[in-house]
Each structure stands twice: as C-alpha cells, then as structure tokens.
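A short write-up of the structure that comes next.
First listed ligand is number 1; within each ligand, the first listed atom is number 1. Because only heavy atoms are used, hydrogens play no part in the values below, and waters and symmetry mates are left out as well, while side chains stay in.
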Amino acid sequence: TAALSIKNLHKVYDNKFEALKGISLEVQPGDFYAVLGPNGAGKSTTIGIISSLVRKTSGHIKVFEHDIDKNFSAAKQELGIVPQEFNFSQFEKVRDIVLQQAGYYGLPRAKAAERADKYLKRLGLWDKRDTPARMLSGGMKRRLMIARALVHEPRILILDEPTAGVDIELRRSMWDFLKEINAQGTTIILTTHYLEEAESLCRNVAIIDRGEIVQNTSMRELLTRL
Ligand code: ADP
Ligand code: ADP
C-alpha cells in the first residue's frame, strides 16, 4: 500500500475558480517527496484537503489503507501536518501547546509528557518550554509547529513550505532534522517553491502548476532533464 494516494482531486473555490484540475499522485512508505511549484499552483489547497481544513470538490484520498472520507480518524492518526501559517495560540506556553496536541490525539498523560519533552529537545526548544508562543522568533515558531505535528509519532509528516522566510542557517538545520526523521522511517512530503530545497532533500517530486501535475518523477531524473 502507498502511504498516500490521491486520485483525480478537484477543487473549485466559490463555484468558479478551479484551483485543482484533477491531480493524482502516490507516495510510497519511507519516501521523501516534494510537491514543487510556483505560488498559486495549488500546493496549500492540496494539503488543506488532506488535513480536512479545505473541502474537496471531488476525488479520492487514501492514507495507507484508510479512505479519508470513510475513516478520517484512522487516517488522522497516521498524519502529522505542519501548515504554513502559525495556528497555535500565541498566549499559550510552548510545552502546553505540544501537550494539548498530544491530548487531542488521545495520548495518556505520562506518554504525552515524555513525547513532548523528547521533541522539544530534538528541535532545540527545551529552554523555551515555559515561554508563551508569542515571545518566540519566527524560526522557533516554525520548529514548534514541527514538534507539535510529531508528538503522536505519525507515519507521515506533511509540511507546507516549511522553510519559507527562514534564514539559511536555520533552513539547513531544519533540513538535517527532516533527513533524520526520514531516515528513522517517517514518510515525508513537503511543498516548496525552491528547487534547491527539493533537490537537497527529496527522492521523488511532483511538479504542480496551475492546478495540474506537469511532471512526476525521481529527483535524479528531473535534474538530468533541466
Ligand atoms: P500554493 O500553495 O501553490 O501557493 P494555493 O493552493 O494557496 O497555492 O492556491 C491555489 C489557487 O487557489 C490560487 O490561485 C489561490 O489564489 C486560490 N485560492 C486559494 N485559497 C482560496 C480561497 N479560500 N478562495 C478562493 N481562491 C483561493
Ligand atoms: P531566528 O528565527 O531569529 O532565525 P531561530 O529561532 O530560528 O532564530 O534559531 C535560534 C537558534 O536555534 C539558532 O542559532 C539556530 O541555529 C538554532 N536551531 C535551529 N534549529 C535547531 C534545532 N533543530 N536544534 C537545535 N538548535 C536549533
């Protein structure tokens, strides 16, 4: 079974604008997969639909064997999603934000604490655990989003433009962290508009433009064509 399978996905906004024109793709377990495309291509819309924040117009999505329409709660357990916008409460403390997410996924309290602490440490946020989120730098907020997405240890991590607006040094440390998580078995899918980011991280790539997949190939193959 594929980790993620998308078939003929359409999205029409406001009954008039067709943001996704029937995209299909498959991501295998363990892959590091890029959805690469310019602004407005439909990347965030696709992720929004997978995470059920955006309603699809038509199409089918499976996460491992779970159809997201029929078995959303099972699919949800497999997914960690890092949206582009910071969507945590700015007034909550860092550790509490991660703990809250763990509770949302049904982790018992002791397990939640253990996991929260593990990911706060791995992402360099341990010293900030009691700091309200609003006091964090942009890069720290980005890392908080990743810690929060990993707390239930999903088999698939999906990140929407994870390094947009992040400086080069932090970008490299985030890349190293993602490589590490992938090497430990997590399937990673990220959207990006930087070819360089896809090139340094990903094994396979779908290029999306104006709601359509225009290429779907291995990164190595893509680089020989450019
Ligand atoms: P990307 O993430 O690749 O930049 P998006 O998925 O955000 O692309 O957007 C795809 C297209 O859909 C764009 O033309 C965008 O303007 C449009 N769009 C996105 N969200 C909405 C919305 N809520 N209502 C109407 N149009 C939208
Ligand atoms: P800014 O947003 O101002 O760039 P950051 O919060 O991104 O600041 O980074 C603060 C410091 O934490 C930087 O020195 C950065 O290199 C370091 N850092 C970034 N990622 C990690 C990580 N995964 N683990 C440990 N330290 C990190």
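Within ligand 1, counting atoms from 1 as listed, the ones closer than 4.0 Å to a heavy atom of N39 are 4 (O). Each of the following atoms of ligand 1 lies closer than 4.0 Å to a heavy atom of A41: 1 (P), 3 (O), 8 (O). For ligand 1, the atoms closer than 4.0 angstrom to any heavy atom of D14 are 24 (N), 25 (C).
Applying the side chain to side chain donor-acceptor pair (under 3.5 Å) rule to N182 yields the partners R203; only residues at least two apart in sequence or on another chain are considered.
Of the protein's heavy atoms, at least one falls inside 4.0 Å of atom 11 (C) of ligand 1. Distance check for atom 16 (O) of ligand 1: every protein heavy atom is found at 4.0 Å or beyond.
Of the possible polar contacts, none joining the R148 side chain to the V98 backbone as a donor-acceptor pair under 3.5 Å is found. Between the side chain of T186 and the backbone N or O of R155 there is no donor-acceptor pair closer than 3.5 Å.
Side-chain atoms of H193 and E161 form a donor-acceptor pair, as typed in the model, at a separation below 3.5 Å. Remark: the Y13 side chain and the T45 side chain contain an N/O donor-acceptor pair separated by less than 3.5 Å.
Taking a 4.0 Å cut-off on heavy atoms, P38 registers as neighbouring ligand 1.
Checked by distance only, ligand 1 and F17 stay at 3.5 Å or farther apart across all their nitrogen or oxygen atoms. Inclusion of Q84 in the set of residues having an N or O under 3.5 Å from an N or O of ligand 1 is not warranted. Annotation: G42 places an N or O atom under 3.5 Å from an N or O atom of ligand 1; distance criterion only.
Between K56 atom NZ and I50 atom CD1 the span is 12.0 Å, to the nearest 0.5 Å. The structure places CG of D160 at 9.5 Å from CE of M145, a figure rounded to the nearest 0.5 Å.
Scanning the protein for heavy atoms near atom 7 (O) of ligand 1, the closest one is S44 CB, 3.6 Å. Given atom 13 (C) of ligand 1, the protein heavy atom at minimum distance is G40 O, 3.7 Å. Of all protein heavy atoms, the one lying nearest to atom 23 (N) of ligand 1 is Y13 CE2, 3.5 Å. Scanning the protein heavy atoms around atom 5 (P) of ligand 1, the nearest turns out to be T45 OG1, 3.7 Å.
In this structure, Y104 shares a hydrophobic cluster with Y105, the cluster being traced through Ile, Leu, Val, Met, Phe, Trp and Tyr side chains under 4.5 angstrom apart.
At a heavy-atom cutoff of 4.0 Å, ligand 1 is contacted by no atom of D160, backbone or side chain.
In summary, E92 and R134 do not engage in a salt bridge, as defined by a charged side-chain N under 4.0 Å from a carboxylate O.
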